[in-house]
Chemist: 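Before we start, here is the structure in question, set down as structure tokens.
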Protein chains: 2
Amino acid sequence: MKSPALRVPKSRSPRKPKGQGAERREEILDAAQGLFAQKGVHAVSTRQIAEIAGISQPALYAYFATKDDIAAELCVRAFAILAERMAAARVGYTPTPENFERCLRVYIDFGLDHPDAYRVAFMLEKSVDGSFLEKTGGRPMIAGKEVFAVFVEMVGELHARGLMAGDDVMAATQSLWAGLHGLVSLLIARPEFPWIDREPLIATHVAMLRRGALK
Amino acid sequence: MKSPALRVPKSRSPRKPKGQGAERREEILDAAQGLFAQKGVHAVSTRQIAEIAGISQPALYAYFATKDDIAAELCVRAFAILAERMAAARVGYTPTPENFERCLRVYIDFGLDHPDAYRVAFMLEKSVDGSFLEKTGGRPMIAGKEVFAVFVEMVGELHARGLMAGDDVMAATQSLWAGLHGLVSLLIARPEFPWIDREPLIATHVAMLRRGALK
DNA sequence: GTGATAAGTTATCAGTGATTGGCGACGCTG
DNA sequence: CAGCGTCGCCAATCACTGATAACTTATCAC
């Protein structure tokens, strides 16, 4: 007879018996991060994540309630990076047009560096029942709002110095954010479009937004 | 004995035996249009579409190769409407800032009037293999490019009259398009965000884009 | 009638996200 | 060291998805 204890029915990442709580969670997040970045969030299955993480698919649910929760966690972490970058861009900040442009670029660069986090946060489809935002308690959205708050502050300072074109700070900020988001999201969602070179495009866009928002 | 011919295993739209080719297709599109608008594209199943259309689920595949093809068809039709509207906005057009703003508003209004078509065209997730765009032969994208071409033309005219801020027409057009897309897509994807009133927001945005793009 | 065609059906497939029940190794008492 | 409880994990499974195959029915030309 064959050896009855011959397990491993399919080849798998060879470290099934490991993982103490916390680090397994990180391994799952790492696996998901890679797959999401490569294939896009909703083209990745929980089984693929589990296989790369070296565990079975149900084991995921010991660490995350849903697949969307995994995406949400990655998203929140990515936004922590964005918040950090924007804070760094405001170190020794004085509200000048040059610094203004610099902050806009920080936002754009972040979106292009973390397209999947950006997608999860701002580009995912809504749906009436069981939406992603409801399932995840809107955590990515909340993280995004904190970043938005930095913009409000920044525009407020410029307005106080009489540099803004209009008088409605909130309107100007939302419009500005929309302008930034448009470029980032289109570059992410439509990479096959015949864009001009990226750097001059970003430069043109940032300059346009500055002219449009400032006096 | 019960009547043996008691069909109708589940209550259904009571017109199974009908449908001559062409009109069935329209019924399917109508059903899908309504469901997509209500729940979002990827939260709607083919079975739901079929039930509302009054046919069985496999019968869909006699008219459309895939579910995405249904969305693509709706998208192309919606873009026909946008192209029509933009053509109408250019009747007797002279390249003035006022007419420029009017065309921007046509684009924004279209996106907000047809959020699902807009989502399919510009906001759907890419994926490496089996992407929506590949499956549908990029038809929605092509329809979108025609609209983009109108923008190029428009910006070109303004540039010829020396009204544009920069000298690179293509860069200015792509930046402008991104600016418009940003507002439309954010309003669609994040309706729960604490936006200011829509009309002043649109007015602010259009004014900002005009200041940014024109001299 | 008869064969061919078109349209729609039931039955089914592989793959998805998520749940259940039990197995086995660990750490703690005694 | 025996016993036991707990926890991490996995095989099996569920309901559902998009899509396909094979069969049945209605219609029409001849």
Chemist: Check the distance between D:dT25's C1' and B:Ile55's CD1 and give it to me in whole angstrom.
Modeler: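 My rounded result for the distance is 16 Å.
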Chemist: In whole Å, I'd like the distance from the CG atom of B:Asp68 to the P atom of D:dA19.
Modeler: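 In whole Å, D:dA19 P and B:Asp68 CG are 7 Å from each other.
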Chemist: From OH of B:Tyr61 over to P of C:dT9, roughly how many Å is that when rounded to an integer?
Modeler: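 Atom-to-atom, B:Tyr61 to C:dT9, this comes out as 15 Å.
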Chemist: Which nucleotide wins on minimum distance to the side chain of B:Gln48, given the candidates D:dT17, D:dG18, C:dT10?
Modeler: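 So the nucleotide nearest the side chain must be D:dT17.
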Chemist: Give every residue pair that meets the salt bridge (charged side-chain N to carboxylate O under 4.0 Å, His left out) criterion with at least one member in residues 142-159 of chain B, sequence neighbours excluded.
Modeler: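 Qualifying pairs: B:Arg90-B:Glu153, B:Arg90-B:Glu157.
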Chemist: So, for B:Phe122 and B:Phe79, is the gap between ring centers shorter than 6.0 Å?
Modeler: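 Centroid distance B:Phe122-B:Phe79: below 6.0 Å, so yes.
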Chemist: Checking all strands, does A:Ala62 fall into the base, sugar-phosphate, or nothing category for heavy-atom contacts under 4.0 angstrom?
Modeler: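 Answer is nothing: A:Ala62 stays at 4.0 Å or more from every strand.
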Chemist: Can you see if the side chain of B:Ser56 gets near the phosphate of C:dG8 - specifically, an N or O under 4.0 Å from OP1 or OP2?
Modeler: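 So the side chain of B:Ser56 is outside the cut-off, no N or O lying under 4.0 Å from OP1 or OP2 of C:dG8.
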Chemist: Determine: side-chain N/O of A:Ser45 to OP1/OP2 of C:dG15, distance under 4.0 Å, yes or no.
Modeler: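 No, no such contact exists.
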Chemist: Quick check on C:dG8: is either OP1 or OP2 less than 4.0 Å from any side-chain nitrogen or oxygen of B:Tyr63?
Modeler: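 For B:Tyr63, the contact criterion (side-chain N or O under 4.0 Å from OP1 or OP2 of C:dG8) is met.
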Chemist: Can you tell me if B:His181 and B:Tyr118 form a side-chain donor-acceptor pair at under 3.5 Å?
Modeler: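 A donor-acceptor contact under 3.5 Å links the two side chains.
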Chemist: Give the rounded distance in Å between these two atoms: CD of B:Gln57 and C1' of C:dG8.
Modeler: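 Rounded to the whole Å, the gap is 12 Å.
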Chemist: Confirm from the modelled atom types if A:Arg47 and C:dG15 form a donor-acceptor pair under 3.5 Å, side chain to base only.
Modeler: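 No, no donor-acceptor pair under 3.5 Å.
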Chemist: Which salt bridge (charged side-chain N to carboxylate O under 4.0 Å, His left out) pairs, counting each pair once, include a residue from residues 73-83 of chain B, with sequence neighbours left out?
Modeler: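 Residue pairs with at least one partner in residues 73-83 of chain B: B:Arg25-B:Glu73, B:Glu26-B:Arg77, B:Glu73-B:Arg77, B:Glu73-B:Arg139.
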Chemist: Between A:Trp195 (side chain only) and A:Arg190 (backbone N and O only), is there a donor and an acceptor less than 3.5 Å apart?
Modeler: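 Checking the backbone N and O of A:Arg190 against the side chain of A:Trp195, a donor-acceptor pair under 3.5 Å is found.
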Chemist: What integer distance in Å separates A:Phe64:CZ from D:dG8:P?
Modeler: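 Taking atom P of D:dG8 as the reference, CZ of A:Phe64 is at 14 Å.
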Chemist: Whole angstrom is fine here: how far is it from CZ in A:Arg24 over to P in D:dC10?
Modeler: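 From A:Arg24 CZ to D:dC10 P: 7 Å.
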Chemist: In whole Å, I'd like the distance from the NZ atom of A:Lys67 to the P atom of C:dA18.
Modeler: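 That distance rounds to 8 Å.
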Chemist: Using atom CG of B:Asp69 as one end and atom P of D:dT20 as the other, report the distance to the nearest whole Å.
Modeler: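 Rounded to the whole Å, the gap is 11 Å.
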